[in-house]
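These values consider heavy atoms only, across backbone and side chains, with no hydrogens, waters or symmetry-generated copies.
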Amino acid sequence: DIRIRLRSGELCDLIAEVERFRYHDEDCLLLSAVDISERKQAERALRRERDFSRTVLDTVASLVAVLDRDGRIVAFNHACEQVTGYRFAEIEGRPVWELLIPPEQVAAVRGVFGRLKAGDFPNHHENEWLTRDGGRRMIAWSNTCLLDEHGEVEYVVPTGIDITEQQAGARQLARLNRLLRTISEINQMVVRESAREALLSETCRILVEHGRYRMAWIGFADPVTGAVAPVAQSGFENGYLEQAGIRCDDTPLGQGPTGTAIREGRYVISNDTEADPNFAPWRERAPVLGYRSSAAFPLRLGERVVGTVN
């Protein structure tokens, strides 16, 4: 390709071909050229349009991708790069479910993709994306398609919003509402019950049924021996308390949430019992029963801590 300036001053794009030949025993060159100015102008216009579209896509805060009919990524804006940690150049041409979709969600995403190709668009869907560092982000998608000149789906265009924090907030609100309902039920039960045994048992039952805890129990401390004796429990226990040997002294069996809460007169929460060094004496059996976290709240008689709700 060459570009020349015409006598009029305009630029002209040519595709030229040179051939060597002999004429009257002399070496000659034949130059033939075709004017491709219109094609070049169209290519430059298309390039400007693509650059403009790319700039717009990278400016918007929403996640925008473009997939071909086989689910391969052909466009991936800056918001997608920020959320996933992948650059577009790294994943261009790869099927979206090969890299970004959790294995257990691939079938559902393929189902949505199939309905889009069949003409069911726009539609909406939520699924997680995997990030480069192994994390997960929940994305709410609004999907549509681009058609070819025959009216067939050529590209699928998902536009998404990262709702990970929003969902976490909703779960936290649900937990708080559940806690408030649990406290309300316990308050009503305290007014209704007068017998100590019934009061303790009902407290554990309400914690399990309304608080949705796997197991709840109440223990009283023996100030002489340092042992903590379970006096009421509800939920899935399977002999755990009998074998736990929980104490409230300075021995290893007294360093868990229950013993610490009794000694120090404060609530103690272990959000990850497998990683908590103070939970070591019970770490082998607790996960088998599904106990992943533990909390203890002191029970007081006057100024003295006599036990815990766990």
Side-chain angles (χ1 to χ4, degrees), residues 49-148 151-182 210-213 271-272 292-293:
E49 185 176 338
R50 287 176 177 172
D51 291 343
F52 175 78
S53 299
R54 181 70 189 181
T55 301
V56 172
L57 287 179
D58 283 341
T59 301
V60 299
S62 301
L63 288 76
V64 182
V66 179
L67 313 175
D68 67 13
R69 286 183 56 85
D70 296 319
R72 292 187 292 259
I73 300 168
V74 297
F76 195 74
N77 75 340
H78 185 59
C80 291
E81 293 179 328
Q82 286 186 311
V83 166
T84 64
Y86 291 106
R87 291 180 292 105
F88 172 55
E90 298 177 272
I91 62 174
E92 183 179 7
R94 298 182 63 175
V96 65
W97 35 73
E98 179 183 287
L99 187 67
L100 298 177
I101 309 299
E104 71 276 9
Q105 298 178 27
V106 168
V109 172
R110 281 183 176 271
V112 173
F113 193 79
R115 292 194 294 274
L116 285 164
K117 290 200 300 181
D120 179 18
F121 63 87
N123 68 23
H124 304 276
H125 182 68
E126 292 182 8
N127 66 268
E128 291 178 310
W129 261 14
L130 299 174
T131 63
R132 178 192 283 278
D133 61 8
R136 294 188 177 209
R137 307 296 298 182
M138 178 60 74
I139 313 297
W141 296 105
S142 178
N143 305 305
T144 191
C145 296
L146 299 177
L147 307 181
D148 61 19
E152 299 293 328
V153 172
E154 185 173 13
Y155 297 108
V156 172
V157 184
T159 302
I161 299 174
D162 187 344
I163 60 171
T164 307
E165 280 73 26
Q166 178 183 331
Q167 283 205 337
R171 288 193 294 268
Q172 177 66 11
L173 180 60
R175 284 194 293 267
L176 291 174
N177 287 333
R178 195 163 63 240
L179 178 60
L180 289 174
R181 288 195 299 271
T182 303
H210 293 273
R212 299 184 187 177
Y213 296 104
N271 287 313
D272 185 353
R292 304 293 181 183
S293 59

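- For Asn77 (side chain) and Val64 (main-chain N/O), a donor-acceptor pair under 3.5 Å exists by modelled atom type.
- Listed here is the closest heavy atom pair of Cys145 and Phe121: SG-CD2, 3.7 Å.
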Check step by step if side chain to side chain contact (heavy atoms under 4.5 Å, CB included) holds for Asn143 and His125.
CA-CA 8 Å; Asn143 305 305; His125 182 68; 4.2 Å; yes

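- Side-chain atoms of Glu126 and Gln167, non-hydrogen and from C-beta on, do get closer than 4.5 Å to each other.
- Here the SG-CG distance, from Cys80 to Leu100, works out to 8.5 Å after rounding to the nearest 0.5 Å.
- In this structure, CG in Leu130 is found 10.0 Å from OG1 in Thr84, a value given to the nearest 0.5 Å.
- The 12-atom threshold is exceeded at CZ of Arg292, counting heavy atoms of other residues, nucleotides or ligands nearer than 6.0 Å.
- Taking 4.5 Å as the limit, every side-chain heavy atom of Asp70 sits out of range of all side-chain heavy atoms of Phe113.
- The side-chain heavy atoms of Leu63 and Val83, taken from C-beta on, include a pair separated by under 4.5 Å.
- Remark: the backbone N or O of Ile73 is not paired with any side-chain donor or acceptor of Glu92 at under 3.5 angstrom.
- Here the side chains of Trp129 and Pro102 are not in contact, with every heavy-atom distance at 4.5 Å or above.
- Side chains of Ile91 and Phe76 form a contact here, defined as non-hydrogen atoms less than 4.5 Å apart.
- Nearest approach of Ile139 to Gly160, heavy atoms of both residues: CG2-CA, 3.9 Å.
- Although no hydrogens or angles enter the test, the distance criterion places a donor-acceptor pair under 3.5 Å between the side chain of Lys117 and the main chain of Arg69.
- Residues Asp68 and Tyr155 share a closest heavy-atom pair of CA-CD2, 3.9 Å.
- For Ala65 against Pro158, the heavy-atom pair with the smallest separation is O-CD, 3.0 Å.
- Inter-residue side-chain proximity for Val112 and Asn123 is flagged as met; some heavy-atom pair is nearer than 4.5 Å.
- Applying the side-chain hydrogen bond (donor to acceptor under 3.5 Å, both in side chains) test to pairs two or more places apart or on separate chains, those with a residue in residues 95-113 are Arg94-Glu98, Glu104-Arg136, Gln105-Glu128.
- The environment of Ile163 atom CD1 is dense: over 12 non-hydrogen atoms of other residues, nucleotides or ligands sit within 6.0 angstrom.
- Trp141 contributes atom CH2, which lies 12.0 Å from atom CG of Leu116 (distance to the nearest 0.5 angstrom).
- Side-chain N or O atoms of Asn127 include none that pairs as donor or acceptor with a backbone N or O of Val106 at under 3.5 Å.
- Salt-bridge check for Glu90 with Arg132: passed, with a basic side-chain N closer than 4.0 Å to an acidic carboxylate O.
- Side chain of Thr164 to backbone of Met138: a donor-acceptor contact under 3.5 angstrom is found.
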